[in-house]
There are 2 protein chains.
Amino acid sequence: MKLTLDKPLQIRVQEAIIDMIRDESLLPGDQLPTESELYKRFGVGRSTVRESLANLVQQGVLLKMQGKGTFIRSVPVRVKNGLDQLFSVTENIKAVGAVPSTSRINVKTIPAGELSDKLSIGAKDPCVWVERVRRANDEIAAYCIDIIPKSIFSDNIDKIDYKGSLFDLLAQNGHLVSHSESTLRPTMLTKRDFPEMKDSVGLFLLLEEIFFDISGIPVCYSNDYYSSNVFDFKIIRKRQLG
Amino acid sequence: MKLTLDKPLQIRVQEAIIDMIRDESLLPGDQLPTESELYKRFGVGRSTVRESLANLVQQGVLLKMQGKGTFIRSVPVRVKNGLDQLFSVTENIKAVGAVPSTSRINVKTIPAGELSDKLSIGAKDPCVWVERVRRANDEIAAYCIDIIPKSIFSDNIDKIDYKGSLFDLLAQNGHLVSHSESTLRPTMLTKRDFPEMKDSVGLFLLLEEIFFDISGIPVCYSNDYYSSNVFDFKIIRKRQLG
DNA sequence: CAGTGGTCTAGACCACTAC
DNA sequence: TAGTGGTCTAGACCACTGT
C-alpha cells in the first residue's frame with residue numbers, strides 16, 4: 001500500500017478555509033476574503049484556491065456570486081449518505097455505525113417473466129432470485145429481494161455465497177455497479193410478509209431499483225424494504241433556476 | 001439584457017465532446033481519447049479540456065479513472081421530476097397531469113421554538129404556521145405544514161393569500177428558493193391526524209424539508225406528507241467510483 | 001517502463017457588480 | 001472606475017495503472 005504522505009494541497013487549503021471560518025466566527029451570509037487575498041495568504045496558486053473553493057461550493061458550504069464575492073452558505077456540515085449517492089444495503093448499514101449481517105437467505109431460479117423489459121433479457125431467460133433479511137447489530141434493518149440474470153454470473157451459481165454485499169458479488173463477476181434507477185414508495189409490511197418482525201406491522205421505505213453496471217447493462221432488479229426504525233434518508237434537492 | 005455572444009470555450013469543448021461521442025458511435029464503457037489528445041485536437045489548453053470533462057463527469061455522462069482513462073458512463077436520460085430536483089407541491093401535482101387546489105387552510109403565528117436552529121433565528125422570533133390540504137383533481141394529494149419566519153415577509157402577513165404555491169409566495173417577498181435539505185420517512189396518518197381522508201389510515205411519504213433561498217438563508221421549514229396513492233418518487237442514484 | 005489522469009503554478013484577460 | 005469571480009493558457013511535476 002502506497003500512501004501520499006501529504007494530502008493534496010487543495011484539500012489542506014480547504015481545511016484551512018474551514019478553520020478560518022471557525023476561528024473568525026464567520027456566520028452564514030458573511031463574505032469570505034477574496035480569492036486574491038486567499039492565495040496570497042496561503043502562499044499557493046490561484047487555481048489551487050479556486051479548486052478548494054469549488055469543492056466547498058459543491059458541498060454547499062460556500063456560495064459564489066460573480067462580481068460580488070464568496071459567501072458562507074451554511075454551517076459546514078455535509079449530508080452523509082445522501083439518497084442520490086448509491087450505496088449497497090451493506091454500506092448503508094455500516095453508515096449508521098452498525099455491523100451488518102444476514103439472517104435468512106432463500107435462493108431459487110426463476111424465469112425473467114415481467115421483468116424481461118427492465119433487465120433487457122428474454123421473458124424465459126433464467127434469473128437468480130435471492131431473498132434476504134439484513135440486520136444491523138442484529139436488529140432488522142432491511143428485507144431485500146434481488147433478481148439477477150443468470151448470464152451475469154461467470155461462476156457456477158450453486159457455489160455462490162449470498163451472505164455479503166450484492167455489489168461485491170456483482171463486482172467479482174466483472175460487473176461494477178455504476179448507478180440505479182430507483183422508485184420510492186412508503187410501504188407497510190405485516191408479519192405475513194415478513195415473519196421476523198417483532199411487531200405485527202412495520203413501516204418501510206421500499207426502494208424499487210434497477211442497477212446498471214458501468215457499461216449500462218442492467219445487472220439486477222431489487223426490492224429493498226428499509227426499516228424506518230433504522231434508516232433516515234437525506235437528500236439535498238436543488239431547484240432548477242433561470 | 002447583455003449577452004455573451006460566444007459561449008465559454010469550455011462549454012463549446014463540452015458540446016464538441018458530446019458530438020464526437022455521437023459521431024464515432026461510442027458506447028457505454030468505451031474509452032475516450034486522452035486529455036492530451038483532446039486538447040491538441042481542439043487546440044485549447046489542458047485546463048479547459050479538464051473543465052469540460054469535469055462538467056460531463058458531474059452530469060454522469062463520463063467516468064474518470066486515474067491511470068486508466070476516461071470512459072463513457074451510460075446514464076439514462078434525466079428522470080423527469082426526479083426527487084433530486086426541487087419542485088413545489090403545486091409543481092409536483094401539475095407534473096402528474098392533475099389540477100392543484102387547496103381545500104383547507106389554517107394559519108397562526110407561533111414562536112420558532114425548537115426550530116430556531118434550523119431556521120437560524122431566535123427561539124422567540126415569530127413565525128407563520130400554515131397548514132394546508134392540497135388536492136390533485138380534488139383527490140387528496142398532500143398534507144402540508146409550512147413554518148416561515150415572519151421576517152421573511154415584507155408585506156403585512158394578514159393580507160397574504162396562502163392558496164397557491166409556497167415558492168411563488170416566497171419569491172414575491174424577494175426570496176427565490178434555491179435548494180432544500182430534506183429527510184424522507186414513510187409515515188402512516190390516521191383520520192385523527194388528517195380528517196379529510198377517506199380511509200381510516202393512509203400511507204404517506206413525509207418529506208421534512210428546510211428550504212433555502214439563493215443567499216443561503218433558511219426561508220421555510222416544511223413537513224409535506226405526499227400521498228402514496230398519487231405520487232411515485234423517482235431518482236437516479238450514482239455510485240462513487242474510482 | 002510508458003501512458004494515464006491529478007495537482008499545481010504564474011500570468012493574462014474577460015464579465016459582472018457596485019459605487 | 002475599482003474590485004470581484006470566471007475563463008484560459010503553457011508548462012511542470014506527481015500518483016496511479018498496466019506491461
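Within every chain, numbering begins at 1; the chains are lettered A, B, ... in the order of the sequence lines, protein sequences first and strands thereafter.
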Asker: State which of C/dC8, D/dG6, D/dG5 makes the closest approach to the side chain of A/T70.
Answerer: D/dG5
Asker: Which part of the nucleic acid, if any, lies within contact of A/T34, taking any heavy atom under 4.0 Å across all strands shown: a base, the sugar-phosphate backbone alone, or nothing?
Answerer: sugar-phosphate
Asker: Are any of the side-chain heavy atoms of A/L53 and A/L32 separated by less than 4.5 Å?
Answerer: yes
Asker: Rounded to whole angstroms, how far apart are CZ on B/R46 and P on D/dC13?
Answerer: 14 Å
Asker: Can you check the B/K64 NZ to C/dG6 C1' distance for me, whole Å?
Answerer: 8 Å
Asker: Expressed in angstrom and rounded to an integer, what is the separation of A/I17 atom CD1 from D/dG5 atom P?
Answerer: 11 Å
Asker: Take A/S52 and A/R12 through the test side-chain hydrogen bond (donor to acceptor under 3.5 Å, both in side chains) and record every step on the way to the result.
Answerer: CA-CA 9 Å; A/S52 305; A/R12 273 142 51 204; over 6 Å; no
Asker: For B/L32 and C/dT4, what is the distance between atoms CG and P respectively, to the nearest whole Å?
Answerer: 12 Å
Asker: Mind checking if A/Q10 touches a base, just sugar-phosphate, or nothing, with heavy atoms under 4.0 Å?
Answerer: sugar-phosphate
Asker: Classify B/G67 by what it touches in the nucleic acid, base, sugar-phosphate, or nothing, heavy-atom distance under 4.0 Å.
Answerer: base
Asker: Just to confirm, is there a sub-4.0 Å distance from OP1 or OP2 of D/dG5 to any side-chain nitrogen or oxygen of A/K68?
Answerer: no
Asker: Write down the distance between CG (B/L9) and P (C/dC13), rounded to a whole number of angstrom.
Answerer: 17 Å
Asker: Could you walk me through whether B/R132 and B/D146 satisfy the salt bridge (Lys or Arg N to Asp or Glu O under 4.0 Å) test, starting with their C-alpha distance in whole Å, then the side-chain angles of each, then the deciding distance to 0.1 Å, before giving a yes or no?
Answerer: CA-CA 8 Å; B/R132 301 190 290 178; B/D146 302 310; 3.6 Å; yes
Asker: Taking only side-chain nitrogens and oxygens of A/R50, does any of them come within less than 4.0 Å of OP1 or OP2 of D/dG6?
Answerer: yes
Asker: Does NZ belonging to B/K94 count more than 12 external heavy atoms closer than 6.0 Å?
Answerer: no
Asker: Does B/S36 make a side-chain N or O approach to OP1 or OP2 of C/dT4 shorter than 4.0 Å?
Answerer: no
Asker: NA contact type, B/E35, heavy-atom cut-off 4.0 Å: base, sugar-phosphate, or nothing?
Answerer: sugar-phosphate
Asker: Which pair of heavy atoms, one from A/T90 and one from A/P100, lies closest together, and at what distance?
Answerer: CG2-CG, 4.0 Å
Asker: DNA chain C: B/P33 or A/T48, which has the more 5' nearest nucleotide?
Answerer: B/P33
Asker: May I have the distance from A/M65 (atom CE) to C/dA15 (atom C1'), rounded to whole angstrom?
Answerer: 16 Å
Asker: What is the distance from CD of A/E51 to C1' of C/dA10, rounded to the nearest Å?
Answerer: 17 Å
Asker: Can you check the A/Q66 CD to D/dA2 P distance for me, whole Å?
Answerer: 19 Å
